[in-house]
Undergrad: 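Got a structure here, written out as structure tokens. Questions coming.
Model, not experiment: these values are computed from the prediction. Indexing begins at 1, ligand by ligand and atom by atom, following the structure's order.
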Amino acid sequence: MEDVAVSPVLSVQPLTAGAFSPFGDVIEADPSTMRLINGGTTERFHALSEADVQGEGARIVLNIFRGQPRPFPYEVGMMERHPLGSQSFTPLSGHPFLVAVSPDEDGKPGRPQVFLAHAHQGVNYRRNVWHHPLMAIGAVSDFLVVDRDGPGNNLEELFFNQPFLIREPHP
Ligand SMILES: NC(=O)N[C@@H](O)C(=O)O
Ligand code: NI
């Protein structure tokens, strides 16, 4: 009987600041960060994360990414990272999305960890953190993306010999 390689299945966990902390920050209205401003008419959730850009001529840019929804079951065949800058994704369309990140293992991504981000949660990947490109769920979704523009190669990709599988986009 031929040994048919079966893709290892990845579970999905809820996105929390603690669980995500090795990889970056969760961008959400954390009450502990709140300051009342504008005469008490506005709540400022202050300094939830920081944009980090490196290298001569680098600048922080704000973008909109319009993501097509991923089909499920979904194969995670690769991961990428940005050695010269952080990258954040904040939903603009009211839809949840999936976040997949990996620890670095001797310059390669380890087993991905997958998180379900609610529509009120964004993430900021710390510089050089392995992550999968944007995974929108269920509908075309817009995201505010804050990341780096400038000279130099800011994209490193690694394709797995054996893809991983996300059966469905929820815990
Ligand atoms: N390539 C690009 O700008 N997008 C990726 O970095 C991503 O993380 O979606
Ligand atoms: Ni990226």
Undergrad: Which residue pairs satisfy the side chain to side chain donor-acceptor pair (under 3.5 Å) criterion with at least one member in residues 91-104, sequence neighbours excluded?
TA: Arg81-Asp104, Asp104-Trp130
Undergrad: Does some non-hydrogen atom of the protein lie less than 4.0 angstrom from atom 6 (O) of ligand 1?
TA: yes
Undergrad: Going by the atom numbers of ligand 1, which of them fall below 4.0 Å from some non-hydrogen atom of Pro133?
TA: 7 (C), 8 (O), 9 (O)
Undergrad: Does the gap between the ring centers of Phe143 and Phe97 come in under 6.0 Å?
TA: yes
Undergrad: Atom CD of residue position Glu105 - does it have more than 12 heavy atoms of other residues, nucleotides or ligands inside 6.0 Å?
TA: yes
Undergrad: Check whether Arg70 reaches the backbone of Glu75 with its side chain - one donor and one acceptor, N or O, closer than 3.5 Å.
TA: no
Undergrad: To the nearest 0.5 Å, what is the distance between CD1 on Ile137 and CD1 on Ile166?
TA: 9.0 Å
Undergrad: Ser86 and Glu50: side-chain donor and acceptor closer than 3.5 Å?
TA: no
Undergrad: Can you name the atoms of ligand 1, numbered from 1 with element, that are less than 4.0 Å from a heavy atom of His82?
TA: 6 (O)
Undergrad: For the residue pair Phe164 and Phe160, categorise the inter-ring angle as parallel (less than 30°), tilted (30 to 60°) or perpendicular (more than 60°).
TA: perpendicular
Undergrad: Suppose we measure from atom 9 (O) of ligand 1 to each protein heavy atom; which comes out shortest, and what is that distance?
TA: Leu134 N, 3.1 Å
Undergrad: Looking at Tyr74 versus His132, is the centre-to-centre ring distance below 6.0 Å?
TA: yes
Undergrad: For ligand 1, indicate whether the residue Phe89 contacts it via side chain, backbone, both or neither (heavy-atom separation under 4.0 Å).
TA: side chain
Undergrad: Out of the candidates Val26, Val101, Thr16, Leu98, only one should pair with Phe115 under the side-chain contact (heavy atoms from CB on, under 4.5 Å) rule; please name it.
TA: Val101
Undergrad: From the Ni ion (ligand 2), how many protein N/O/S atoms are found at a distance short of 2.8 Å?
TA: 4
Undergrad: Any idea which protein heavy atom is nearest atom 3 (O) of ligand 1, and the distance to it?
TA: Phe65 CZ, 3.5 Å
Undergrad: Name the closest protein heavy atom to atom 1 (N) of ligand 1, giving the residue it belongs to and the distance to 0.1 Å.
TA: Glu80 OE1, 4.6 Å
Undergrad: Which atoms of ligand 1 sit under 4.0 Å from any heavy atom of His131?
TA: 8 (O)
Undergrad: Quick one: do the Glu80 and His131 side chains pair a donor with an acceptor below 3.5 Å?
TA: yes
